[in-house]
Colleague: 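Got a structure for you, questions after.
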Amino acid sequence: MLSFLGLALILLFSFFAYRNYARQRKLNAALQTERSKAIGQKVRAERSEAFKQQFLANMSHEIRTPMNAVSSITDILLNKEPRPDQVGYLEAISKSSATLLYIINDILDLSKIEAGKIDLEVIDFSLSDILNQVKDALAYKAEEKGLSLLIDKPDTVPDVVVGDPYRLTQILVNLGGNAVKFTERGSVELKVENGELKMKDNTVEVKFSIIDTGIGIPQDKLQTLFENFTQVNSSDTRKYGGTGLGLSISKKLIELHGGSISVYSVEGRGSTFSFRISYPVSSVQNLQQRIMQKEKMDGSILDGLRILIVDDNEYNRLVAEESLNLKAKVAISTAVNGQEAINMLKENEYDVILMDIQMPGIDGYEATRYIRDSMRSKVPIIALTASVLRTDLDKCRDAGMNSYIPKPFKAWQLISTIADVTGRKTVAAIPKPESLKKYIRNAENIAVTDMTYLGKFCEDDGVRMKKYITMYIEAVPGFKETIKEGIQNKDVENIALHIHSFKPKWMMMGMNTTRDLAVHIDALCKANNSSVYQQLERLMVQIDKSVDELKDKY
Ligand code: ADP
C-alpha cells in the first residue's frame, strides 16, 4: 500500500515537474521570439536611421551646392546694373534660394542635433556683444514693423563667459525672430538676468528672456509647441512662413547646454520665452587675447606652398583658387577628377591636395586610397565636402584623408586647415556656423566696394578710374563732418539732403549695400524715426571701410 502511495506521489511529482518544464520551455520560446523580434526591430530601426542619414547627406550635397551657386550668381547679376524690369525677377530668385537654403539648413541642423553630432565650442565671449549682434540682426525687420527693440542686461550679470557664442546667437535669433514675426505693435525685449543658481564654483546661471507684446499663443497649444514641425495655426505657414522647426531646434540646443526653456503666454497680449544656461565666468583680458590672436591669422603663412585642387565643378575650383590667391602667394594646379589628380601627382610634387568627394569616375575616396596604398604618398589631403555628417567624415579619414573643409567654405577655413595639415603653425580660427551667416550682415570680410561698374564706366582706363577714386576719397572727410554736425543738431532734413547728394558716388564705387542703406536712412529721416542715428553709425563704418579698401587697391 505504502509503495503504491509512494509510486503515486512520484508520478504526481513527475507530472508537475514536467508541466513546469513544458511551461518554462514555452515561456523561453516566447521570450526568444520576442527577443529576436526586438533585435529585428532594432536592426531595422538602425538601418532606417542609417538610410535617413545617408539621404540627408545626399540631400545636403545635391541641394546645398547648386543652391549656393544660384544665390551667388544671382547676387553677381544684381550687382551688374541689370535692366529695371530684370531686377524684380532677380530679386525673386535671390529670395527663393535664400528661403530654400534656410529650410535645408534647419532640417540638417535638426538631424545633426538628434544624432548627437553637434559639438559645442568652448571659447571666451561677451554676452553684451552677442545681444548687440542679435539686436542688429533683428533691427531691420523690427524697424519695418515699427516695433521697439530693447536690450536689458544689468551689470550684475558677468559679461565675459566661456561657451559657444554661435549656438547662443542661433537660439536668441530664433526666439527673437519669432517675437518680431508674431508682434504687430509694441515691443520685443531681450532680457538677461542672473538665474536662481547665481554664482557657484565660478559658474553663473544666466536667465535669458525674450518678451514680446504680440499675438500670444493659446494655452492648449503650449504643450506641443516645442515639437518638430509644430505651428499653432495651419495658416501660419502661409501668413508668416517658417518651418515649425525653430523652437524645437532651440530647445534641443538649450538642452545640449544642460539648460532648460519655458514659455508663458496670454493670447492677444504677448509671450515670454525664457531659458537658462550655466557658463563658467571668464575675464575681459582673456577675451581680448583671443580677438588679437584671431586678427593675427594671415594668409601669408601659406606662402610658397604648391596646392592641387581637385573638383569636377568649375565654380568650386574657381572659388577655392581665387580665395587662396587673394590671401597668399601659392602655386595652384587644378584637376577635374580623381584620375587626373593621380596622373598629375605622378608627374609633380605638391605640398597639399584639396580633394572633392563626389566626382564622376574615380571619386575622392578612391583617389585618396590609391594615393595612399598604391603610390605610398603621404601628401596631406583635405576633403572638400558638402556633407557635415560624422559618418561621411569618418569615411574621409578611413580613406586616408588628413582633414576636411565643409562646403561652401570661407578663405579663413582654407588657410587654417591647410596650415594645420602642412605643419605651418596657425592660431585657432573661429568659425561662424553656416546657419548664422545669413543673419550677420556686412560681415567684416565682405568688401563694401566693387570696381566693376567704375571699370565699365571708364572703359578700364586706369588713369580715369584713379581720378574718380581720388575724388571720392577726398570728398569723404567733408561728408562725414556734415553728417556729424547733423547728428549733433538732430537736423535730419540736412542729413537726408547730403546723403541723397552722395548716392551717385557710392554707385560709382560699386557700394550697393551702402546705397541701399542710404535709401533706408532717407526713409527713416522722412519719418523722423529715431533709429536713424543707429543706421548712420553703420553708414559711417561702411564709408571708413570703403576708404581703407580703395587706398589698399590704388
Ligand atoms: P516657425 O518657423 O513656424 O516660426 P517655430 O518652431 O519657431 O517655427 O515656431 C512654431 C510656432 O510657434 C510658430 O509657427 C507660431 O505659431 C508659434 N510661435 C512661436 N513663437 C511665437 C511668439 N513669440 N508669439 C506667438 N506665436 C509664436
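Predicted model, so just to flag it, every value in this text is computed and none were measured. For ligands, and for the atoms within them, numbers begin at 1 and follow the listed sequence. Numbers here are sequence positions counted from 1.
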Colleague: Select the closest option to atom 9 (O) of ligand 1 among L247, V180, V188, judged by heavy-atom distance.
Modeller: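 The nearest heavy atom belongs to L247.
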Colleague: Counting only heavy atoms not in E144, do more than 12 fall under 6.0 Å of its CD?
Modeller: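 Yes - once you tally the heavy atoms of other residues, nucleotides and ligands closer than 6.0 Å, there are more than 12.
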Colleague: Regarding E549 and T449, do their side chains bring together a donor and an acceptor under 3.5 Å, going by distance alone?
Modeller: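 The answer is yes; a qualifying pair exists.
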Colleague: Could you tell me which residues satisfy ring pair (Phe, Tyr, Trp, His ring centres under 6.0 Å) with Y365, sequence neighbours excluded, listed by chain and number?
Modeller: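 For Y365 there are no ring pair (Phe, Tyr, Trp, His ring centres under 6.0 Å) partners, ignoring immediate neighbours.
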Colleague: Check this for me: does any side-chain nitrogen of one of R317 and E321 sit under 4.0 Å from a carboxylate oxygen of the other?
Modeller: no
Colleague: May I ask whether F273 has any heavy atom positioned less than 4.0 angstrom from an atom of ligand 1?
Modeller: yes
Colleague: Looking at ligand 1, does G216 have a heavy atom less than 4.0 Å from it?
Modeller: yes
Colleague: Taking 4.0 Å as the limit for heavy-atom contacts, which would you say applies to I217 with ligand 1: side chain only, backbone only, both, or neither?
Modeller: side chain
Colleague: Determine the interplanar angle of the F125 and Y279 rings, folded into 0 to 90°, and report it as parallel if under 30°, tilted if 30 to 60°, perpendicular if over 60°.
Modeller: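 Rings of F125 and Y279: perpendicular, over 60°.
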Colleague: Under 4.0 Å from a heavy atom of L225: which atoms of ligand 1 are those, numbered in the order shown and with their elements?
Modeller: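 Answer, ordered by atom number: 12 (O).
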Colleague: Which of the atoms in ligand 1, numbered in the order shown and given with their element, are less than 4.0 Å from a heavy-atom of L245?
Modeller: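 Listed by number with element: 6 (O), 8 (O).
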Colleague: Purely on distance, is any nitrogen or oxygen of S248 under 3.5 Å from one on ligand 1?
Modeller: no
Colleague: Would you check whether F182 has a nitrogen or oxygen atom less than 3.5 angstrom from a nitrogen or oxygen atom of ligand 1?
Modeller: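 Such a contact does not occur with ligand 1.
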Colleague: After noting the C-alpha distance and the side-chain angles of D136 and R538, does the key distance pass the salt bridge (charged side-chain N to carboxylate O under 4.0 Å, His left out) rule?
Modeller: CA-CA 10 Å; D136 278 354; R538 281 179 59 202; over 6 Å; no
Colleague: Show which atoms of ligand 1 fall inside a sub-4.0 Å distance from at least one heavy-atom site of S271.
Modeller: 24 (N)
Colleague: What atoms in ligand 1 come closer than 4.0 Å to a heavy atom of D212?
Modeller: 22 (C), 23 (N)
Colleague: Do K490 and Y533 form a cation-pi contact, if we require the NZ or CZ to be under 6.0 Å from the six-membered ring centre and within 45 degrees of the ring's axis?
Modeller: yes
Colleague: By number and element, which atoms of ligand 1 are closer than 4.0 Å to a non-hydrogen atom of G246?
Modeller: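 It comes down to these atoms of ligand 1: 5 (P), 6 (O), 7 (O), 8 (O).
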Colleague: Is the closest side-chain donor-acceptor distance between S187 and S148 under 3.5 Å?
Modeller: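 Side-chain D/A pair, S187 to S148: absent.
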Colleague: Measure the distances from the heavy atoms of K181 to every atom of ligand 1 and state whether one is below 4.0 angstrom.
Modeller: yes
Colleague: Does a side chain donor of either Q535 or E143 reach within less than 3.5 Å of an acceptor in the other side chain?
Modeller: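 Checked: Q535/E143 side chains pair up, N/O donor to acceptor below 3.5 Å.
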Colleague: For ligand 1, is G214 a contact, meaning one of its heavy atoms is under 4.0 Å away?
Modeller: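 No heavy atom of G214 comes that close to ligand 1.
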Colleague: Just go through N174, N178, T183 and tell me whose heavy atom is the nearest to atom 4 (O) of ligand 1.
Modeller: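 Shortest heavy-atom distance from atom 4 (O) of ligand 1: N178.
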